[in-house]
Undergrad: 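Below is a structure I'd like to ask you about.
Side chains are part of it too, since the values below use all heavy atoms of this structure and drop only hydrogens, waters and symmetry mates.
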Amino acid sequence: MKKRCTFVLTVALLLALTGCSDFKEQQTEIAANTFEQFSDPLDNGKPDIYLITKGYDSFYWDTLRGGATDAARENDCNLYVAGIPNETYPEYLVELMQDAIDAKADAVIVSPVDIPQIIKASEQVKEAGIPLIFVDTILNGVDFDVCVATDNMQAGRMAAKEMVRLLHQNGRHDTEYLTIGIEISSTESQTIQERLAGFQEYWCNYAPKSWKVLEDIKINRGDTRLAEQQGYQFMDASTDLAGLVGLNNSSTVGLAQSVQNRQRADLALAGFDGSDEIRQLIRSDEYCAASIVQQQYEMGYDSVEQALKLIAGDVLEYRYVDTGVVQMNHDNVDSLRIQKILGEQ
């Protein structure tokens with residue numbers, strides 16, 4: 001019989017970390033950079049596609065851009081890419097979207113954050129007659145042509161299911177009182193909201209009653225250093241802590257570093273994506289970890305292909321492309337399938 005429960009979300013954003021001011025200055029400089037071009041030369045008569053992402057220097061976004069650049073080369077079109085280092089300053093995405101409009105892009109692909117400025121910028125892209133493709137994240141209530149992303153409700157359910165499995169694997173009993181901590185990158189992201197909802201749904205229905213999710217859900221704004229510090233805070237604050245969950249790549253990277261640095265093999269870790277940090281823990285016989293792997297290479301590749309169809313005037317029969325997810329665990333972490341999904345094959 002399914003049980004009912006209340007899942008209270010309290011978010012804590014910590015701003016007073018050493019080095020944050022330096023990081024913000026660096027981010028401002030990077031965000032002001034121009035688009036990087038992945039084609040020969042300008043004004044060559046080929047379609048101009050602009051890819052703008054809410055993260056940049058990470059395994060996840062590198063892989064997504066790899067898929068997009070491969071698709072651009074194979075389809076002989078111009079691709080320009082830009083992004084911001086993380087979600088601390090989402091307003092910089094607005095500037096990049098405006099740059100694409102000013103450049104008379106033939107299509108704009110963007111991974112958005114749900115704030116009014118980006119909603120308005122998305123509307124301006126459409127008002128300019130430019131096809132708008134969302135990748136990785138959707139903005140509900142905004143007119144767009146197609147979204148290429150993960151079914152994030154289902155991904156959240158899978159993360160909760162993995163955490164239950166990992167806790168049992170770590171020897172935890174259904175009648176034992178224990179807690180788990182959750183980290184996310186932002187509250188504005190529709191992606192994160194859906195993953196939290198999916199996690200909540202599965203946990204409330206299937207996790208033992210004595211296993212509790214800490215109400216203090218921490219936000220790191222895509223900053224892995226902050227995510228790592230928050231991992232230590234979970235460990236220091238709760239003597240009953242048995243597991244940690246990272247519902248996005250930056251959270252997972254930071255949590256994996258904190259678990260390994262503290263040598264907390266007693267903690268189960270369920271994360272997202274296929275960074276080196278989480279794969280190292282999953283490979284280990286000492287730690288208990290798993291990850292929900294999105295097919296971000298396919299996201300990048302498919303988003304360019306969808307853009308080219310729209311540029312050609314094709315009428316799409318669908319507005320959402322689900323690229324799917326795979327559970328990565330100790331048994332398959334180095335399999336050919338995982339390597340292919342991560343763009344390593």
Side-chain angles (χ1 to χ4, degrees), residues 7-17 20 23 54-55 58-60 85-88 113 136-137 150 152 155-160 162-164 166-167 178-200 202-203 207 211-238 240-262 264 267-282 287-294:
F7 195 75
V8 182
L9 305 183
T10 304
V11 294
L13 177 59
L14 304 180
L15 297 177
L17 289 179
C20 273
F23 181 74
K54 62 183 176 183
S58 74
F59 175 85
Y60 181 86
N86 58 48
E87 298 176 40
T88 304
V113 177
D136 173 77
T137 304
T150 297
N152 286 295
R157 295 185 193 104
M158 290 173 67
E162 279 296 280
M163 177 51 69
V164 170
L166 291 170
L167 288 169
L178 59 81
T179 60
I180 67 168
I182 297 179
E183 272 200 48
I184 60 177
S185 58
S186 74
T187 56
E188 296 87 3
S189 168
Q190 185 70 25
T191 290
I192 299 301
Q193 293 171 16
E194 291 174 359
R195 288 181 191 170
L196 277 171
F199 191 98
Q200 168 191 359
Y202 187 94
W203 191 266
W211 294 6
K212 304 298 183 183
V213 175
L214 293 171
E215 294 182 0
D216 179 19
I217 294 177
K218 298 186 185 296
I219 306 172
N220 54 64
R221 293 292 177 185
D223 183 348
T224 58
R225 292 176 298 177
L226 178 54
E228 180 182 345
Q229 293 299 317
Q230 291 173 339
Y232 301 136
Q233 291 162 17
F234 276 128
M235 297 175 201
D236 295 339
S238 177
D240 301 304
L241 188 69
L244 293 168
V245 180
L247 288 180
N248 66 294
N249 183 66
S250 62
S251 300
T252 301
V253 170
L255 288 175
Q257 291 171 329
S258 67
V259 168
Q260 191 166 46
N261 289 342
R262 287 276 182 94
R264 290 294 301 270
L267 297 179
L269 175 58
F272 266 77
D273 304 320
S275 66
D276 290 339
E277 291 82 0
I278 188 63
R279 292 173 81 180
Q280 184 174 351
L281 285 188
I282 292 172
Y287 293 94
C288 193
S291 192
I292 307 302
V293 178
Q294 301 180 90

Undergrad: Between Asn220 and Ser250, which heavy-atom pair has the shortest distance, and what is it?
TA: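 The answer is OD1-OG, 3.1 Å.
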Undergrad: Does Asp240 come within less than 4.0 Å of Lys212, counting only side-chain N to carboxylate O?
TA: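 No, this pair does not count.
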Undergrad: Starting from the C-alpha separation in whole Å, work towards a yes-or-no answer on side-chain contact (heavy atoms from CB on, under 4.5 Å) for Gln294 and Asn152.
TA: CA-CA 10 Å; Gln294 301 180 90; Asn152 286 295; 4.2 Å; yes
Undergrad: Are any of the side-chain heavy atoms of Asn261 and Glu228 separated by less than 4.5 Å?
TA: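 Answer yes - side chains close enough.
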Undergrad: For Leu167 versus Ala268, what's the shortest heavy-atom pair and its separation?
TA: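 That closest heavy-atom pairing would be CD2-CB, 4.1 Å.
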Undergrad: Taking side chain as C-beta onward, heavy atoms only, is Thr187 less than 4.5 Å from Gln193?
TA: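 No - every pair of side-chain heavy atoms lies 4.5 Å or more apart.
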Undergrad: Do the non-hydrogen side-chain atoms of Lys54 and Ser189 ever get within less than 4.5 Å of each other?
TA: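 Answer yes - side chains close enough.
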Undergrad: Kindly give the heavy-atom pair with the smallest separation between Leu178 and Ala242, and that separation in Å.
TA: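 So the two residues come closest at CB-CB, 3.8 Å.
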Undergrad: Keeping Gln230 on the side-chain end and Ile219 on the backbone end, is there a donor-acceptor pair under 3.5 Å?
TA: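 Checking the backbone N and O of Ile219 against the side chain of Gln230, a donor-acceptor pair under 3.5 Å is found.
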Undergrad: Just so I know, are the side chains of Leu241 and Met235 near enough to count as touching, which here means a heavy-atom distance under 4.5 Å?
TA: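 SC-SC contact between Leu241 and Met235 confirmed.
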Undergrad: Is the shortest side-chain heavy-atom distance between Phe272 and Asn249 below 4.5 Å?
TA: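 Phe272 does not reach Asn249 side chain to side chain.
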Undergrad: Just do the side-chain contact (heavy atoms from CB on, under 4.5 Å) check on Val213 and Phe199 with the steps written out, would you?
TA: CA-CA 10 Å; Val213 175; Phe199 191 98; 4.2 Å; yes
Undergrad: If I compare all heavy atoms of Gly231 with all of Ser258, which pair ends up nearest, and what's the gap?
TA: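 So the minimum-distance heavy-atom pair works out to CA-OG, 3.7 Å.
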Undergrad: Could you measure the distance from the NZ atom of Lys218 to the CD atom of Gln229? Nearest 0.5 Å is fine.
TA: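 Lys218 atom NZ to Gln229 atom CD measures 11.5 Å (nearest 0.5 Å).
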Undergrad: Distance check, rounded to the nearest 0.5 Å: Leu244 atom CG versus Leu267 atom CG?
TA: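 Answer rounded to 0.5 Å: 5.5 Å.
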Undergrad: I'd like to know if the side chain of Tyr60 pairs up with that of Asn248 as donor and acceptor (distance under 3.5 Å, no hydrogens or angles considered).
TA: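 No, Asn248 and Tyr60 have no side-chain donor paired with an acceptor closer than 3.5 Å.
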Undergrad: Let me confirm one number: the CD-CD distance from Gln190 to Glu194, rounded to the nearest 0.5 Å.
TA: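 The distance works out to 4.5 Å.
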Undergrad: Quick one: OG on Ser291 to CD on Glu277, what's the gap to the nearest 0.5 Å?
TA: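 If we round to the nearest 0.5 Å, Ser291:OG and Glu277:CD are 11.0 Å apart.
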Undergrad: Using 0.5 Å steps for rounding, measure from the CZ atom of Arg264 to the OH atom of Tyr232.
TA: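 It is 12.0 Å, given to the nearest 0.5 Å.
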Undergrad: Is there a donor-acceptor pair under 3.5 Å between the side chain of Ser186 and the backbone N or O of Arg221?
TA: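 Such a contact is absent between Ser186 side chain and Arg221 backbone.
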Undergrad: Determine the minimum heavy-atom distance between Ser251 and Gly246, stating which atoms define it.
TA: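 Ser251 and Gly246 have their closest heavy atoms at CB-CA, 3.8 Å.
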Undergrad: Evaluate the side-chain contact (heavy atoms from CB on, under 4.5 Å) criterion for residues Thr179 and Phe234: first the C-alpha distance (whole Å), next the side-chain angles of each, then the deciding distance (0.1 Å), finally the verdict.
TA: CA-CA 10 Å; Thr179 60; Phe234 276 128; over 6 Å; no
Undergrad: Taking the side chain as C-beta and beyond, is there a heavy-atom pair between Ile292 and Arg157 under 4.5 Å?
TA: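 SC-SC contact between Ile292 and Arg157 ruled out.
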Undergrad: Should Met163 and Trp203 count as side-chain neighbours, where that means a heavy-atom distance under 4.5 Å?
TA: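 Yes, side chains in contact.
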Undergrad: Looking at Leu214 and Gly181, what are the two nearest heavy atoms and their distance?
TA: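 Closest approach of Leu214 to Gly181: CD1-CA, 4.2 Å.
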Undergrad: Would Cys288 and Leu269 satisfy side-chain contact (heavy atoms from CB on, under 4.5 Å), going step by step from the backbone distance to the final call?
TA: CA-CA 6 Å; Cys288 193; Leu269 175 58; over 6 Å; no
Undergrad: Starting at CZ of Arg262, measure out to CG of Asp236 and round the result to the nearest 0.5 Å.
TA: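 With rounding to 0.5 Å, CZ (Arg262) is 4.5 Å from CG (Asp236).
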Undergrad: Any side-chain heavy atom of Phe59 within less than 4.5 Å of one from Val253?
TA: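 No, every pair of side-chain atoms sits at 4.5 Å or beyond.
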